[in-house]
Amino acid sequence: MKKMMFSPSLMCMDLLNMKEQVEILNERADFYHVDIMDGHFVKNITLSPFFVSTLKRVSKLPIDVHLMTEYPDDYIEELAKAGADYICPHAETINKDAFRIINKINSFGCKAGIVLNPATPIEWIKYYIHLLDKITIMTVDPGFAGQPFIPEMLDKIKELKELKEKNGYKYLIEVDGSCNERTFDILTEAGAEVLIVGSSGLFNLDSDLPKAWDKMMEIYEAKTAK
């Protein structure tokens with residue numbers, strides 16, 4: 001079995017101690033997950049390209065930007081210049097010009113991902129799935145932390161895994177939403193390769209971040225041991 005990768009959701013971190021926490025996570029995590037919400041595609045507003053440029057100064061890991069924005073095209077160049085490594089808009093926002101958006105992301109030297117809301121089928125991305133470096137399955141409706149896991153998404157993860165193995169696609173299969181003790185095992189079994197961990201999965205496990213990380217890994221290993 002491939003080693004699971006973990007991507008801390010930085011909107012859940014202690015932003016008052018950003019530099020200290022990033023330096024801790026630099027030695028433990030695989031990616032940084034940055035949520036940019038515009039208050040239109042989702043009602044919440046979080047983080048920004050400026051946050052990415054600040055993070056880049058202390059990060060040793062790939063920066064993965066999740067664009068929960070109505071017009072993702074407006075952010076691509078600024079994010080690339082800020083230091084984003086992956087730029088991942090929602091299929092719901094780009095399907096009118098998906099090929100142009102993916103080409104634009106790649107033209108700035110970034111990897112292109114796509115995010116699918118729970119009710120959005122994989123069928124929506126069938127004509128450009130081969131171009132993607134990462135596909136993120138939302139297991140909660142987007143916009144707010146702390147929502148309950150939607151179990152129907154396990155079948156979507158399995159479908160992505162089957163498509164990848166059958167066709168030799170390059171994308172990573174990532175899961176966003178309720179990745180924690182209750183779901184680590186079923187997400188791993190379904191075929192997830194990257195888990196985005198936020199409050200319940202990581203940051204709320206202990207006020208001391210190294211201890212929280214160790215607890216998360218102990219929980220994950222216990223839950224997925226065969």
Side-chain angles (χ1 to χ4, degrees), residues 5-117 125 128-138 142-143 145 170-174 176 193-198:
M5 293 180 280
F6 293 89
S7 182
S9 176
L10 297 193
M11 76 172 187
C12 301
M13 75 189 304
D14 179 2
L15 292 174
L16 291 177
N17 295 298
M18 175 181 172
K19 183 173 184 291
E20 176 188 345
Q21 295 212 335
V22 169
E23 287 173 347
I24 291 167
L25 293 170
N26 275 339
E27 309 306 320
R28 293 165 172 81
D30 298 285
F31 299 91
Y32 289 124
H33 186 80
V34 177
D35 287 306
I36 295 182
M37 307 181 193
D38 64 356
H40 298 284
F41 181 68
V42 293
K43 291 183 179 180
N44 206 353
I45 298 175
T46 61
L47 307 182
S48 65
F50 177 76
F51 178 87
V52 173
S53 65
T54 303
L55 173 63
K56 190 68 173 180
R57 292 162 55 190
V58 289
S59 172
K60 295 181 181 179
L61 304 176
I63 299 172
D64 172 28
V65 178
H66 176 186
L67 279 176
M68 282 176 267
T69 59
E70 192 170 345
Y71 300 106
D73 194 8
D74 295 345
Y75 294 80
I76 292 169
E77 182 173 359
E78 189 176 3
L79 283 169
K81 291 178 178 177
D85 296 286
Y86 287 77
I87 298 178
C88 307
H90 272 255
E92 299 85 6
T93 66
I94 73 163
N95 269 13
K96 65 183 184 297
D97 53 2
F99 287 89
R100 184 182 65 80
I101 293 292
I102 292 168
N103 287 337
K104 183 174 181 178
I105 292 170
N106 292 155
S107 75
F108 286 106
C110 299
K111 293 185 176 182
I114 203 73
V115 187
L116 295 174
N117 278 347
I125 62 172
Y128 58 88
I129 192 171
H130 59 289
L131 301 174
L132 300 173
D133 296 292
K134 186 159 63 63
I135 300 175
T136 304
I137 298 299
M138 296 296 300
K170 62 183 178 179
Y171 56 75
L172 291 171
I173 302 171
E174 182 176 70
D176 188 357
E193 297 170 312
V194 185
L195 300 180
I196 296 170
V197 285

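What you see below is based on every heavy atom in this structure, not just the backbone, and it leaves out hydrogens, waters and symmetry mates. Because the structure is a prediction, the values reported are computed rather than measured.
For H90 against I114, the heavy-atom pair with the smallest separation is C-CD1, 4.0 Å.
At distances below 3.5 Å, at least one donor-acceptor pair connects side-chain atoms of E92 with backbone N or O atoms of N117. In terms of modelled atom types and a separation under 3.5 Å, the side chain of N26 and the main chain of K60 share a donor-acceptor contact. Judged by distance alone, with hydrogens and angles left aside, the side-chain atoms of D35 form no donor-acceptor pair with the main-chain N or O of T46 at under 3.5 Å.
Between E20 and D14, every side-chain heavy-atom pair lies at or beyond the 4.5 Å cut-off. Annotation: side chain of Y128 is in contact with side chain of I94 (closest heavy-atom distance under 4.5 Å). Proximity of L79 to I36: side-chain heavy atoms (C-beta onward) are separated by under 4.5 Å at one or more points. Looking at H40 and Y71, their side chains never come closer than 4.5 Å, going by heavy atoms from C-beta outward. The side-chain heavy atoms of V115 and M68, taken from C-beta on, include no pair separated by under 4.5 Å. Using a 4.5 Å cut-off on side-chain heavy atoms (C-beta onward), F6 and R28 make no contact.
Shown are L61, I63, V194; of these, the side chain to side chain contact (heavy atoms under 4.5 Å, CB included) with F31 is made only by V194. Partner of P72 under the side chain to side chain contact (heavy atoms under 4.5 Å, CB included) criterion, out of I105, I87, V65, L67: L67 alone.
Counting only residues at least two apart or in different chains, side chain to side chain donor-acceptor pair (under 3.5 Å) contacts with residues 76-88 comprise E77-K81.
Remark: K111 engages no residue in a side chain to side chain donor-acceptor pair (under 3.5 Å) (not counting sequence neighbours).
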